[in-house]
Amino acid sequence: MATDSAAGPVVAGPGPGPSSRASSNDVSTDGIADNKTSKNPMALEKADSKVVVPRDPENDPFKHLPEAEAKILKDQVFTPDVKIGFGILYRYASRADMTIIVVSAICAMASGAVLPLMTVVFGGLTNTFQGFFNGTISYDEFEGELTKMVLYFVYLGIGEFVTTYVSTVGFIYSGEHLSAKIREHYLEASLNQNIGYYDQLGTGTITTRITADANMIQDGLSEKVGLTLAAVATFVAAFIISFISYWKLTVILLSTVAAMMTVMGVGSGFIVKHSKANISAYAEGGSVAEEVISSVRNAMAFGTQDRLAKQYDEHLVKAEYFGFRLKASIGVLVAFIMTILYLNYGLAFWMGSRFIVSGEAELRQVLIVMMSVMMGAFSLGGVAPNVQAFTSALAAAAKIFSTIDRISPIDPSSDTGAKLDNVKGTLRLENIKHIYPSRPEVVVMENVSLTVPAGKVTALVGASGSGKSTIVGLVERFYSPIEGTVYLDDVDISTLNLRWLRQQIALVSQEPTLFSTTIFENIRHGLIGTKWETADAEKQAELIHEAAKKANAHSFITELPEGYETNVGDRGFLLSGGQKQRIAIARAIVSDPKILLLDEATSALDTKSEGVVQAALEAASEGRTTITIAHRLSTIRDADNIVVMSEGRIVEQGSYDELLEQKGAFRKLVSAQAIVTTQLSAEELEALDKEEEEILIRKASAQAKQSAGGRAYAEDPEDDIAAKLNRSTTQKSASSMALAGQKSEAPVKYSLWTLAKLIGSFNKQETMLMVVALVFSIICGLGNPVQAVFFAKLITALSVPINAATIPHIRSEASFWCLMYLMLAIVELFAFSIQGVIFAKCSERLVHRVRDLSFRTMLRQDVQFFDRDENSAGALTSFLSTEATHVAGLSGVTLGTLLMVTSTLISACTVALALGWKLALVCIATMPVLIACGFLRFWMLAHYQRRSKRAYAGSASYASEAISAVRTVAALTREGDVLQKYKDSLAEQQRASLKSVLKSSTLYASSQSLSFLVFGLGFWYGGTLIAKGEYGMFQFFVVFSSVIFSAQSAGSAFSFAPDMGKAAEASRTLKTLFDRKPTIDTWSPDGDKVEVVDGAIEFRDVHFRYPTRPEQPVLRGLNLRISPGQYVALVGASGCGKSTTIALLERFYDPLAGGIYLDNKEISSLKLDEYRSHIALVSQEPTLYQGTIRDNILLGTPHTVTDEQIAFACKEANIHDFILSLPDGFGTIVGSKGALLSGGQKQRIAIARALIRDPKVLLLDEATSALDSESEHVVQAALDKAAKGRTTIAVAHRLSTIQKADIIYVFDQGRIVEQGKHGELMRLNGRYAELVNLQSLEKH
């Protein structure tokens, strides 16, 4: 697979070691590689083939390697295939589990078999009535028989309750229990895998498995097993009863089952097909939305919201097309099922009447067979969806068990291997050759030998991809080298016990990983496996505080409100980078390890935090064997030995000064990063910091005094600001006052009517269609009561004694009413189909419009909307995909269902009351019970589903946190600790869920069993009335069947209705979104027109805080002036307000006090989109969207441009030749978020996009900070070219990039402390000089 090869400008996948940091061999990315590419088509093919060419399983990726080497690599990634049968899901079942499962299974089958038994009782009762009317039974016999039959109903009801309860609770309990065991084994197996396995799989896959796949297995082990067994039992029992009652009619009615199966088979085929198409069509739209929302600042800056919304809409059109087909298929399927139901009645009575007339059968048998066959046919319909759950459970199990059964070649849990008694800490690498298993075509290290003396600091330097981090991976034994050996104190480390080895080594990596617990616990993780792991709390606290002091972290920890007990949040996001890194260092040194590995431990920090962390690292490495990898060469000046690596080989080694004198590779690296400067000593730096702190404290106290005593001196400039800011006596700054006035976005309560109106407005154009559909819904609802009349007529006609005189009458009656059933079936087929199709159309239109408008409204919001945690890109994208579909639950479909149910119930009650009010009232009294049963049956099943998903969310996030930080877990040997915590949290959840299931299952069991009691009541009271001679056969059956059957069908109709609760919730969210008026509104037509721009910019006393962090002042009275055409640089430590200045210029936010002026007009008075059209922004992370290079460049301009203009912009951005060298030129697809290009190429395309609009003001926000030295040069050259002839404001992290600026503004604490050209500022020897010194690398 030629994807991540070192050739050409490809960013390597999330491979191990260096590649995760930059492209695998970023040295040759951009600049150099680009020239290569144009001449060497082979390299190009590789460059272009990222992810496109899937690895062919037949094609062995290791076949180009010698056998021994290939074997080492294969072992690291090989996963066995597990043969999967349904039994494997029960692999971890104990005796007790199996007993519970067997008992539950027996109960489930019993509960299923009870249902068709009811038809026998029903038939028996009809027989009794018939006998009484025909005078073959006396009054007393009738009463006795009636009581006996009614008691049967009661017994069946009780039996159904008990069996259902036991089977539901049993299966849910055993399902949770078994899936929890599988989860535990899976996490344990995952934590014991070697790192190469993770590179192959990706940690994401593993977290998906422990969450989604484990849920699927649980789904396939829980109540669905019981439901399926019950359904099958119903089917079998129904047909046994039918065949015993009267086999001929049963055989004839098997046609019904065949028809049902055919309809369901064909229907579900269509449903699956369209559902897949619909999902994939929307998935494309979703990824467009996700790309846009995650880079929303970019869309705002370039004013591309409308064009991006149109792009999104194209996908919505497709999704609507398939969605309509999907919902229409469902509608038509329901229509056919209803039709078959009525046709079955017609056929049964028609054939039955012939058998009765010929004396072959009785009415009782006909009824039993007819009703049983219907039950059997419908019960099979319930099996299909569950079968799907079992197949997905098996598929999920195959993946999970393949990991559980995998034996890791480097297994931290094994106890084999030696442990040394006394460790000095000398490391030696001998003739190492290494290849990462996930990238077998790249040799990362070739013949490397290196000695790291005990107690000394050895530094590794070199371009990224040169193999520095690989050394760390080999020493930690994350990987096995394919040749050569690593020794610790002259012992081959592969013979040592792995857990013991890792406990001797502490690792601090580039991105420190903290776990979601307290700071104290995070540092304590470093004690795992040492003799202090079980020490008492006091001793541990002492060690932890000691380590924190050494790591320069103690002071900031104690300043936190909760000190060491502060929770760091998920992955430590509540702390800044520098703070996290210092806690990671404390964790590394708390156990006093012999060997310390520092893998670019400061590269992710800014200059100021870097200094603090660097000091901590130097203190930490005293007296230990230390290997440090450095990107910034200033950090390794004092190393005992510096090893320079290039392309997997060692090219030079020696001390800092020796290497500089050699004028070799190291000297080149230094000069690339150097700036001419003088070096300040650490003491001087400290003095400067102190002085600065004092000034700040003085200012703060001055402000305090002044706010207490009003305005003391009119001429004090500080005072003047205070007057402007209108200080209140409580000593609040202007910013906090202004903010207090803003915090008023309270949640609004909307009534259901408001929400329904909102949703109705989306379907306004379809009003006429809706009316038609609603009329048909009413017709659908009338089917049941009409059917009851036919049913009663037929029973009455067929229960007459049979003799020559009555036969012709029976025949004509039966034929007539059976034909009426045929007519009813046809009417219902049309009514259901028409309303189903129309509602499908309307609801898909609705979803389409809701998604479109929601997306546009999101893009209209200002940046502070997206800053809030609840509006992350993920949350908003999932809102578009799921909430928008929930909204359909309040639309026409629901209205249709409600009308249908209402018309059923009203017409049934009317018919019943008209014909026999006494029985009607008794039956109507039971209606709520029946409707509730029908509704609860479906609702509870849905509830079980939701509950099992929710219950495991907590433990799953814990497990996925551990898995995504697997290197950290491995380095800390935390495997056992993580697993124990996970087990505890699962056990906790099982206890809680057992309680809730015991309660909720009573509801479910009642919903299954109460209908038997209702039947009993109806027959008993009806029978009593018949016995008294008040009612005839016809009256009884019309009243009973119209009310009871209508109520049952009404209850189950609710199950088809989409979830109304969700719909109301979703529409509330929508309404809130639509009603939100952003303060900075791109849609607003207000503001002055901006015709011509010179580019003079001025900040006048600007104060600002981010709305999401109001306690943190960012700009405190910023003043700066920029003349047209100037190149201005903003520099300063991170967090001093440089990027904020850019954001305010783009008007992402408005300042809290003060003003920003463009050509002497305040920018908030200008028309927003016109103002932004004169500005172009190039940010740190270039944003490209799916599509071609050309599309991406064109996004920069609102009007049409010629090809010449595009070519010109690309030449200016230094990217033209590279684009032409690609096979498709400007038509090359860049992939999602530009994944197919390297960082430098993306950045230059972003520059071309900025230049195509020919902006008067160019803003560069750390445009080169994410690139390596080589690419940086190319991009920097492009930026310098771009800046000519326009006002340019550049924020720079690396000061070497802005030495030529016309004026440099130095920020500190949100104000400007120095300004001038590079030379002037260096002579000043102030803040700027200090920053330069910190970054400089010249020999002292």
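Any value given below was found using the heavy atoms of this structure, including those in side chains, with hydrogens, waters and symmetry copies removed. Residues take their numbers from the sequence shown, with the count starting at 1.
Put simply, the side chain of C1210 does not reach to within 4.5 Å of the side chain of F1218, judged on heavy atoms. Counting only heavy atoms from C-beta outward, the side chains of V1257 and H1174 never approach each other to under 4.5 Å. In this structure, I1312 and N1119 have side chains that are not in contact, with every pair of non-hydrogen atoms separated by 4.5 Å or more. For the pair S1084 and L1168, the minimum side-chain heavy-atom distance is 4.5 Å or more. At a threshold of 4.5 Å between non-hydrogen side-chain atoms, the residues Q1126 and I1303 count as touching. Residues E291 and Q1186 have side chains in contact (heavy-atom distance under 4.5 Å, counting atoms from C-beta outward). Side-chain atoms of Y1127 and K1300, non-hydrogen and from C-beta on, never get closer than 4.5 Å to each other. For the pair P1078/F865, no side-chain contact is recorded, criterion being any heavy-atom separation below 4.5 Å from C-beta on.
No donor-acceptor distance shorter than 3.5 angstrom exists from the side chain of D1169 to the backbone of T1082, with no hydrogens or angles considered. Remark: the backbone N or O of R1147 is paired with a side-chain donor or acceptor of R1172 at under 3.5 angstrom. The backbone N or O of D1191 lies less than 3.5 Å from a partner atom in the side chain of T1188, making a donor-acceptor pair. With hydrogens and angles ignored, the 3.5 Å screen pairs no side-chain donor or acceptor of Q864 with any backbone N or O of P1107. Looking only at distances, no side-chain donor or acceptor of Q861 sits under 3.5 Å from a matching main-chain atom of M858. T877 places no side-chain N or O within 3.5 Å of a backbone atom of A289 that could act as its donor or acceptor partner. No donor-acceptor pair under 3.5 Å is formed between the side chain of N871 and the backbone N or O of D867.
For the residue pair T1202 and Q1205, a side-chain donor N or O sits within less than 3.5 Å of a side-chain acceptor on the partner. At a cut-off of 3.5 Å, with distance as the only test, a side-chain donor of D1261 or S1139 sits close to an acceptor on the other residue. Between D1088 and Y1171, the side chains place no donor N or O within less than 3.5 Å of an acceptor N or O (distance only, hydrogens not considered). Between the side chains of Y1185 and T304, no donor-acceptor pair of N or O atoms lies under 3.5 Å.
Under 4.0 Å is where a charged nitrogen must lie from a carboxylate oxygen, and between R1311 and D1308 no such pair does. With respect to the salt-bridge test (charged N to carboxylate O, under 4.0 angstrom), the residues D306 and R856 qualify. Taking the charged nitrogens against the carboxylate oxygens, R1100 and E1098 do have a contact shorter than 4.0 Å, which makes a salt bridge. Looking at D1203 and R1190, a side-chain N of the basic residue comes within less than 4.0 Å of a carboxylate O on the acidic one, giving a salt bridge.
In plain terms, the two heavy atoms of K1317 and D1302 that are nearest each other are NZ-O, 3.2 Å. Between W1083 and D1081, the shortest heavy-atom distance links the atoms N-OD1, 2.9 Å. Residue V1102 comes nearest to G1155 through the heavy atom pair CG2-O, 3.5 Å, listed as atom of the first residue, atom of the second, then distance. Across all their heavy atoms, R851 and S881 have their closest contact at NH2-O, 2.9 Å. Shortest non-hydrogen contact noted between K1167 and P1085 is CE-O, 3.6 Å. The minimum heavy-atom distance between V1131 and Y1328, with the atom names listed, is CG2-CD1, 3.8 Å.
Expressed to the nearest 0.5 Å, how far OG1 of T1197 lies from CD1 of I1252 amounts to 6.5 Å. Rounded to the nearest 0.5 angstrom, I1097 CD1 and T1141 OG1 are separated by 11.0 Å. With rounding to the nearest 0.5 Å, the separation of CD1 in I293 from CG in L308 is 10.5 Å. Between the CZ atom of R1286 and the CD1 atom of I1175 there is a distance of 13.0 Å, given to the nearest 0.5 Å. Here the OG-CD distance, from S1179 to Q1243, works out to 7.0 Å after rounding to the nearest 0.5 Å. We find the OG-CZ distance between S1173 and F302 to be 12.0 Å, quoted to the nearest 0.5 Å.
Residue-environment remark: CZ (R307) exceeds the threshold of 12 foreign heavy atoms within 6.0 Å. Atom CZ of F866 has more than 12 neighbouring heavy atoms from other residues, nucleotides or ligands inside a 6.0 Å radius. With a 6.0 Å radius and a threshold of 12 heavy atoms from other residues, nucleotides or ligands, Y321 has its OH atom at or below the threshold.
Checked options I1142, L1177, T1288; the residue passing with L1260 is T1288 (criterion: side chain to side chain contact (heavy atoms under 4.5 Å, CB included)). When each of R1076, K1077, R868 is paired with D862, the salt bridge (charged side-chain N to carboxylate O under 4.0 Å, His left out) condition holds for R1076 and for no other. I1189 pairs with exactly one of I1229, L1184, I1219 by the side chain to side chain contact (heavy atoms under 4.5 Å, CB included) rule, that one being I1219.
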Would you sort out whether V292 and L859 count as a side chain to side chain contact (heavy atoms under 4.5 Å, CB included), showing the intermediate values? CA-CA 9 Å; V292 174; L859 291 187; 3.7 Å; yes

The test is side chain to side chain contact (heavy atoms under 4.5 Å, CB included); show your working for I1289 and L1258 and say whether it passes. CA-CA 6 Å; I1289 301 176; L1258 181 62; over 6 Å; no

One pair to check against side chain to side chain contact (heavy atoms under 4.5 Å, CB included): Y1305 and L1130. What are the steps and the verdict? CA-CA 5 Å; Y1305 284 105; L1130 313 177; 4.0 Å; yes

Report the C-alpha distance between Y1149 and Y1106 in whole Å, list the side-chain angles of each, state the deciding distance to 0.1 Å, and finish with yes or no for ring pair (Phe, Tyr, Trp, His ring centres under 6.0 Å). CA-CA 8 Å; Y1149 307 94; Y1106 284 103; 5.2 Å; yes

What do the steps show when you test K1256 against D1094 for side chain to side chain contact (heavy atoms under 4.5 Å, CB included), and what is the final call? CA-CA 7 Å; K1256 276 285 171 273; D1094 292 336; over 6 Å; no

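Taking the six-membered ring where tryptophan is involved, the planes of Y312 and Y282 are perpendicular, since the angle between them exceeds 60° and thus also 30°.
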